There are 2 protein chains.
Amino acid sequence: MSFTRSEENYLKAIYHLADHGVSKVSTNAIATRMRTKASSVTDMIKKLSDKNLVIYQKYQGVNLTEVGQEVAVKIIRKHRLWEVFLVEKLNFGWDEVHDIAEQLEHIESEKLVDRLDEFLEFPSHDPHGDPIPDKQGEFKPSQKVVLSDVEPGSICFCVGVIDSSSKFLRYLDKNGINLGTQLKVVSKEDFDKSMKIKTKGNTMVISYKISNNLFVIVN
Amino acid sequence: MSFTRSEENYLKAIYHLADHGVSKVSTNAIATRMRTKASSVTDMIKKLSDKNLVIYQKYQGVNLTEVGQEVAVKIIRKHRLWEVFLVEKLNFGWDEVHDIAEQLEHIESEKLVDRLDEFLEFPSHDPHGDPIPDKQGEFKPSQKVVLSDVEPGSICFCVGVIDSSSKFLRYLDKNGINLGTQLKVVSKEDFDKSMKIKTKGNTMVISYKISNNLFVIVN
DNA sequence: AATAATATTTAGGCATACCTAAAAATATTT
DNA sequence: AAATATTTTTAGGTATGCCTAAATATTATT
């Protein structure tokens, strides 16, 4: 079985929105995520439903079927493996790889994916700290944690943000924090949860509002 | 400027059929190569002509414009670089890579192509011995020669066939000649142009009909 | 040069994947 | 519970890229 690029993108979007398949995903939520119109989503949902990739009841939203989930996981596997390739082998910055991986994830060849996996030495996580499903579709938990949860003494590196407003990004930039930046958590202040951190050349204090908006991976 | 996958495939097909832009390419020739119908070709040709990628006169065939040629060469560059990647880095057989490269060649990212080129150490030829255009679109001549033209004493390896009939392929297989196989030309017989060649474990005599149908690269 | 054969184009359709606008269902207010 | 607002679906339309069948142009044959 093989699917169109569009079908794959919808399955992936639904997978991400469904968050462990618990709640039903609304038409509007899909439309927003895919930057398309609700009516287009309804069209596609019907097609996916006919192909038994989603369970759909009019006006009640959708959920992926087992098969739909498998397809989605395969695409995510490909996406994340290609991201590792781009960062590790081609020296891309972590923030440059998403759009390219978005294209590469649709290349069809099971052999290619498995060979790539092997070539990259079976990475368990992508450059954003998100887990990479193995050939069987199993994945380890995410390694990403919020900086505010990191214990003093730990060394970690920055892999993403929650609030991606340009205000926040500018703040980070000004303070020499980029994605990939190594940080050492020096101490935490109980009173206001502010945190003293050390980067390569700098030691600084950041508020909880900051530390709670930064994703890191602890080494 | 960016083009659809289909447009890119047509440009590539026309490029290959035009053979140095000399002769005009017929609608039927394109249709055959692309396994589609002449009427579909006419449709697309009109679109390409509107975009100034081909020069087209009704019933008179097409030729690529400068721009069309540049686009085609970029796709060929991508195709061949990915083929090198698949063979050199992911250990694919030379004969397995075409379909995958056919997909990868449409990935859009100039930076990706250039990084890949660098990663592969700027290869000048792909696994079939065909030249890889550089960033400027220039390419070296092909390294591929017909086995019958190789001088005695030379060592070469097999990179392709002219006649790809299953009869011929089965003959090669039976005699332990695969793509990638190393050959040493021991001697040539003037009379019937037959050739004595040496493979890893074997020495054999092959007729001109065979040697003239095998592409090799001389080491 | 006229006729036959072949190549190419036109005309009209189909599926995909979008869209807008209107209708219908569901959710929220009052 | 009725009115209003929001969400979702339906209906009908568009562009792409393909198709078949028919018409037309070109090329080959006699």
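Bear in mind that the values here come from a model prediction, so they are computed numbers and not experimental data. Every chain is numbered from 1 and lettered A, B, ... according to where its sequence line falls, protein lines coming before strand lines. Scope of the values below: all heavy atoms of this structure, side chains included, with no hydrogens, waters or symmetry mates.
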Rounded to the Å, how far apart are [X] [atom1] and [N] [atom2]?
{"X": "B:Y56", "N": "D:dA25", "atom1": "OH", "atom2": "C1'", "result": "11 Å"}
{"X": "B:Y59", "N": "D:dT27", "atom1": "OH", "atom2": "P", "result": "11 Å"}
{"X": "B:K24", "N": "C:dA7", "atom1": "NZ", "atom2": "P", "result": "18 Å"}
{"X": "A:D43", "N": "D:dA15", "atom1": "CG", "atom2": "C1'", "result": "15 Å"}
{"X": "B:L48", "N": "D:dC18", "atom1": "CG", "atom2": "P", "result": "11 Å"}
{"X": "A:Q60", "N": "D:dT7", "atom1": "CD", "atom2": "P", "result": "15 Å"}
{"X": "B:K46", "N": "D:dA15", "atom1": "NZ", "atom2": "C1'", "result": "16 Å"}
{"X": "A:N28", "N": "C:dT26", "atom1": "CG", "atom2": "P", "result": "15 Å"}

- Pick out which of A:D149, A:V159, A:V145 makes a side-chain contact (heavy atoms from CB on, under 4.5 Å) with A:V216. A:V145
- Message: A:L86 and side-chain contact (heavy atoms from CB on, under 4.5 Å): which single residue from A:L81, A:N91, A:V97 fits?
- Response: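 Looking at A:L81, A:N91, A:V97, the match for A:L86 under the side-chain contact (heavy atoms from CB on, under 4.5 Å) is A:V97.
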Just to be sure I understand the rule, does [X] reach a base, reach only the sugar-phosphate, or reach nothing, if contact means heavy atoms closer than 4.0 Å?
{"X": "B:T27", "answer": "sugar-phosphate"}
{"X": "A:S40", "answer": "base"}
{"X": "A:T42", "answer": "base"}
{"X": "A:E7", "answer": "nothing"}

- Using distance alone, with no hydrogens and no angle criterion, decide if A:S194 and A:D192 have a side-chain donor and acceptor under 3.5 Å apart. yes
- Task: Using only heavy-atom distances, determine whether the side chains of A:H106 and A:N9 contain a donor-acceptor pair under 3.5 Å.
- Result: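 The answer is yes; a qualifying pair exists.
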Please check the phosphate of [N] (OP1 and OP2 only) for any side-chain N or O of [X] closer than 4.0 Å.
{"X": "A:Y10", "N": "C:dT16", "result": "no"}
{"X": "B:S26", "N": "C:dA7", "result": "no"}
{"X": "B:S39", "N": "C:dT8", "result": "no"}

- Candidate nucleotides C:dA21, D:dC19, C:dT8, ranked by approach to the side chain of B:K37 - the nearest: D:dC19
- Message: Going by purine N1 to pyrimidine N3 plus the second Watson-Crick contact, or the G-U wobble pair, all under 3.5 Å, which nucleotide sits opposite C:dT30?
- Response: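 Paired with D:dA1.
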- Which word best sums up how the rings of B:F85 and A:F119 line up, parallel for under 30°, tilted for 30 to 60°, or perpendicular for over 60°? perpendicular
